Amino acid sequence: MNPEMFHIGALSIRWYSVFILIGILLAIYLADKESKKFKLPKDFILDLAFYVVIFGIIGARIYYVLFNLTGPDGYLKNPLEALMIWHGGLAIHGAIIGGFIALFVYCKKNKISILRTTDFIAPGLLIAQAIGRWGNFFNSEAYGPSTTLENLMSLHIPQFIINGMKINGIYYHPTFFYESIWC
């Protein structure tokens with residue numbers, strides 16, 4: 001698979017970033033729509049999303065860097081590389097932690113129930129996760145264990161996904177696909 005969707009000059013637009021952006025925008029839209037039922041302030045979700053996205057990205061990078069400090073390409077050998085987020089390296093676990101910290105602080109500051117807020121933003125976050133995982137497909141990463149072509153065919157998975165799951169001559173389970181249809 002080609003991780004690059006297109007490029008304009010030196011600027012490369014990658015599939016992964018497009019899927020993540022679509023997921024974020026959809027999650028914000030759904031949360032904003034749901035928040036109206038609770039009569040929250042008009043810009044509550046947009047303001048919250050601003051902080052959650054920023055701290056989510058920071059958390060995702062910190063988490064990734066911490067778990068990749070050592071090794072031949074570890075960040076201990078080249079600490080400045082840790083700041084170069086455009087070279088890749090984000091972890092969803094860190095995004096969740098960073099985003100939740102921002103949500104917690106923002107809700108406390110505005111005296112809004114954290115439980116109520118997490119209740120109505122959760123569905124959008126699950127959908128965003130399912131959409132974002134498609135980026136793993138285009139990056140040929142985060143796939144499941146090896147399998148056979150026959151096994152994938154028996155699962156009635158679309159052919160283009162089966163084709164994309166043949167990596168270095170070996171077929172793998174498309175965990176991104178399983179996750180996206182279960183959400």
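Model, not experiment: these values are computed from the prediction. For the numbers below, each heavy atom of this structure counts, side chains included, while hydrogens, waters and symmetry mates do not.
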If Ile, Leu, Val, Met, Phe, Trp and Tyr residues are connected whenever their side-chain heavy atoms lie under 4.5 Å apart, and connections chain through other members, are [X] and [Y] in the same group?
X: I28; Y: I112; result: yes
X: L21; Y: F50; result: no
X: I85; Y: I13; result: no
X: L126; Y: I20; result: no
X: V18; Y: I57; result: no

Step-by-step side chain to side chain contact (heavy atoms under 4.5 Å, CB included) determination, Y75 to N68
CA-CA 6 Å; Y75 291 105; N68 291 282; 3.8 Å; yes
Does [atom1] belonging to [X] count more than 12 external heavy atoms closer than 6.0 Å?
X: F104; atom1: CZ; result: no
X: M153; atom1: CE; result: no
X: Y106; atom1: OH; result: yes
X: Y172; atom1: OH; result: yes
X: D73; atom1: CG; result: no

For [X] versus [Y], what's the shortest heavy-atom pair and its separation?
X: A102; Y: F55; answer: CB-CB, 3.8 Å
X: C107; Y: I114; answer: CB-CG1, 3.5 Å
X: W15; Y: M5; answer: NE1-CA, 3.5 Å
X: E179; Y: A130; answer: O-CB, 4.3 Å
X: A128; Y: I24; answer: CB-N, 4.3 Å
X: I121; Y: I45; answer: CG2-CD1, 4.5 Å

Between N110 and L40, is the side chain to side chain contact (heavy atoms under 4.5 Å, CB included) condition met? List the steps.
CA-CA 10 Å; N110 288 284; L40 291 171; over 6 Å; no
Value rounded to 0.5 Å, distance of [atom1] in [X] from [atom2] in [Y]:
X: L83; Y: W86; atom1: CG; atom2: CH2; answer: 7.5 Å
X: I96; Y: Q129; atom1: CD1; atom2: CD; answer: 6.5 Å
X: Q159; Y: L152; atom1: CD; atom2: CG; answer: 9.5 Å
X: L30; Y: L25; atom1: CG; atom2: CG; answer: 11.0 Å
X: S146; Y: I170; atom1: OG; atom2: CD1; answer: 6.5 Å
X: I131; Y: L26; atom1: CD1; atom2: CG; answer: 5.0 Å

List the steps, then state whether side chain to side chain contact (heavy atoms under 4.5 Å, CB included) holds for E141 with Y16.
CA-CA 11 Å; E141 63 186 12; Y16 207 143; 3.0 Å; yes
Let's go through E34 and D119 carefully: what are the C-alpha distance in whole Å and the side-chain angles of both, what is the deciding distance for side chain to side chain contact (heavy atoms under 4.5 Å, CB included) to 0.1 Å, and is it a yes or a no?
CA-CA 10 Å; E34 193 66 21; D119 189 41; over 6 Å; no
Would you indicate whether the side-chain heavy atoms of [Y] and [X] approach each other to under 4.5 Å?
X: T118; Y: F100; value: yes
X: I101; Y: Y51; value: no
X: I62; Y: I97; value: no
X: I157; Y: P174; value: yes

Is there a donor-acceptor contact under 3.5 Å from the side chain of R133 to the main chain of F177?
no
So, does S35 use its side chain to make a donor-acceptor pair with the main chain of F120 at under 3.5 Å?
no
Plane angle bin for F160 and F137 - parallel if under 30°, tilted between 30 and 60°, otherwise perpendicular:
perpendicular
Should the ring pair F19 and F138 be called parallel, tilted or perpendicular, given that the plane angle runs from 0 to 90° and is split at 30 and 60?
parallel
